[in-house]
Amino acid sequence: MKLLGLLGKRRENTASAVSPRVVFVPNQGYTADALAAATPMLRKAGVSYGFCLEKGRPDYDDARSAIERLGETPHTMKELRHAAGHGDVWVFSLDMPAKRRRVIELLRSRGVVTIGVQEGCRPSLRDRYRYVDRVLVWGRYAARMFEDTSTIVGSPRLERLQREARPLSGVAESDVAVINLKGSVGPGYESRVQVWLTAAIDAVTRCGLRPIVSKHFHSADTPHDLEVNDGPVEEAVLNARVLISRPSTTVYEAMVLGRQPLLFPLEDDPLCEFHNPHGAFPICWNAAQLAGGLNDYLSGEAGFSHGAFLSEVFDHNPQEPAGDRMALAILDSLS
């Protein structure tokens with residue numbers, strides 16, 4: 001059952017019981033897709049649910065389009081928060097913004113259970129998921145960050161990419177290096193990111209590879225003479241030899257797709273789980289180290305194994321899909 005029709009019931013001042021409901025609050029399009037992985041089991045259990053968006057956020061249109069592609073109706077935060085009451089569960093992809101924290105405080109004061117769902121890498125960065133009652137995380141690393149409030153459920157997105165992976169032999173002759181251009185944050189970052197991009201391009205071209213830039217959300221502009229990937233980054237990575245990136249979930253995605261990432265952080269980038277690669281990728285702090293790492297990998301002198309790192313950050317159980325595990329955790333909060 002969807003949420004449609006329940007608003008009026010909630011507002012009616014009657015003694016009749018109203019079924020508990022689940023409200024999903026995605027932050028971007030891909031988080032809407034991830035949260036939606038829980039809905040088949042919720043429907044099977046007869047639990048009503050809906051999707052809610054906060055107007056004015058930078059990625060509102062992207063999230064709205066994703067919800068509509070799912071065949072769901074995107075409600076507004078204002079519309080649904082006044083109808084929330086004891087027995088409801090609200091599920092957030094992020095809880096950091098001040099406006100969202102105020103909504104969470106209001107919901108909790110009404111007896112609503114609030115749940116955060118890990119949306120990407122470095123889950124505890126900038127006090128993420130500190131305002132909700134529970135956190136559904138991807139793996140052991142994130143579980144340690146939140147101790148008793150966390151439940152490991154895996155990642156629907158990473159599971160999907162694993163299914164789409166194909167052997168490297170199919171693109172063994174590819175000369176492409178995907179450069180993941182992340183957004184600039186704070187004063188001076190735009191110029192620093194441009195310096196970083198120039199260094200990455202220099203290292204890639206010196207190794208005989210062809211750079212393709214994949215722009216992250218809100219990333220800096222790229223020079224006009226560069227080849228830019230306009231589609232999903234995972235499609236570009238799947239057709240490439242390597243990925244060059246600062247700390248990003250794209251590094252996870254490259255590994256589950258069977259491609260080799262090289263971590264190229266800014267000097268003040270918080271590494272978090274990337275601090276210990278467990279032999280999965282090199283950490284390169286300048287263009288010379290990046291070129292060296294690329295040459296070692298391309299020549300076969302450096303061998304990398306992704307298993308140990310991925311098992312820390314991503315719990316994958318083919319018999320228990322992440323969407324079902326998310327739904328079970330949500331149903332447990334309803335009981």
Enquirer: Hey, does the side chain of Asn276 reach the backbone of His278 with a donor-acceptor pair shorter than 3.5 angstrom?
Expert: yes
Enquirer: Can you classify the ring geometry of Tyr252 versus Phe274 as parallel (below 30°), tilted (30 to 60°) or perpendicular (above 60°)?
Expert: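 Because their plane-to-plane angle lies in the 30° to 60° range, the rings of Tyr252 and Phe274 count as tilted.
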Enquirer: Please confirm whether the backbone N or O of Gly29 pairs with a side-chain atom of Asp62, one donor and one acceptor, at under 3.5 Å?
Expert: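 Yes; judged by distance alone, with no hydrogens or angles, the pair exists.
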Enquirer: Is Glu159 salt-bridged to Arg325, going by a charged N under 4.0 Å from an acidic O?
Expert: no
Enquirer: Once rounded to the nearest 0.5 Å, what's the spacing between atom CG of Asn180 and atom OG of Ser248?
Expert: 4.5 Å
Enquirer: Taking Glu79 for the side chain and His75 for the main chain, is one N or O donor matched with an acceptor at less than 3.5 Å?
Expert: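 Not confirmed, Glu79 side chain does not pair with His75 backbone.
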Enquirer: Are Asp33 and Pro156 packed together at the side-chain level, in the sense that at least one heavy-atom pair is separated by less than 4.5 angstrom?
Expert: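 A side-chain contact under 4.5 Å is absent here.
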Enquirer: Between Thr249 and Cys121, which heavy-atom pair has the shortest distance, and what is it?
Expert: OG1-N, 2.8 Å
Enquirer: Do Phe281 and Phe304 pass the ring-ring contact (aromatic ring centres under 6.0 Å, His included) test, and can you show the C-alpha distance, the side-chain angles, and the key distance before you say yes or no?
Expert: CA-CA 6 Å; Phe281 50 82; Phe304 300 102; 8.2 Å; no
Enquirer: What I want to find out is whether Glu273 reaches Arg122 closely enough, with some N-O distance under 4.0 Å, to be called a salt bridge.
Expert: no
Enquirer: Please check if the side chain of Arg166 supplies one atom and the backbone of Gly258 the other of a donor-acceptor pair under 3.5 Å.
Expert: no
Enquirer: Give a yes or no answer on whether the side chain of Trp138 reaches the backbone of Gln118 with a donor-acceptor pair at less than 3.5 Å.
Expert: yes
Enquirer: Donor-acceptor pair, distance only, cut-off 3.5 Å: does the side chain of Asp324 make one with the backbone of Pro321?
Expert: no
Enquirer: Closer than 4.0 angstrom, basic N to acidic O: yes or no for Arg157 and Glu253?
Expert: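 Looking at Arg157 and Glu253, the cut-off is met.
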Enquirer: Same hydrophobic cluster for Leu271 and Leu243, using side-chain heavy-atom links shorter than 4.5 Å among ILVMFWY?
Expert: yes
Enquirer: For Ala143, is there any backbone N or O sitting under 3.5 Å from a side-chain donor or acceptor partner on Ser150?
Expert: yes
Enquirer: When you compare the side chains of His316 and Gln162, does any donor N or O come within less than 3.5 Å of an acceptor on the partner?
Expert: yes
Enquirer: Are the side chain of Lys55 and the backbone of Tyr60 linked by a donor-acceptor contact shorter than 3.5 Å?
Expert: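 No.
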Enquirer: Which of these, Val137, Ile330, Leu136, Asp315, sits in a side chain to side chain contact (heavy atoms under 4.5 Å, CB included) with Val153?
Expert: Leu136
Enquirer: Step by step, would you call Arg110 with Glu105 a salt bridge (charged side-chain N to carboxylate O under 4.0 Å, His left out)?
Expert: CA-CA 9 Å; Arg110 296 180 179 177; Glu105 290 172 3; over 6 Å; no
Enquirer: Between Arg134 and Ser333, do the side chains contain a donor N or O and an acceptor N or O under 3.5 Å apart?
Expert: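 There is such a pair between these side chains.
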Enquirer: Hydrophobic clustering (ILVMFWY, side-chain heavy atoms < 4.5 Å, transitive) - are Tyr131 and Val25 grouped together?
Expert: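 Val25 and Tyr131: separate clusters.
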Enquirer: Would you check if the side chain of Gln260 reaches a backbone N or O of Ala280 as a donor-acceptor pair within less than 3.5 Å?
Expert: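 Side chain of Gln260 to backbone of Ala280, a donor-acceptor pair under 3.5 Å: yes, one is there.
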Enquirer: Under 4.5 Å between any side-chain heavy atoms of Tyr297 and Val242, yes or no?
Expert: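 Side-chain contact under 4.5 Å: yes.
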Enquirer: May I ask you to establish whether Arg21 and Tyr49 are in a cation-pi arrangement, using a distance under 6.0 Å from NZ or CZ to the six-membered ring centre and at most 45° from the ring axis?
Expert: no
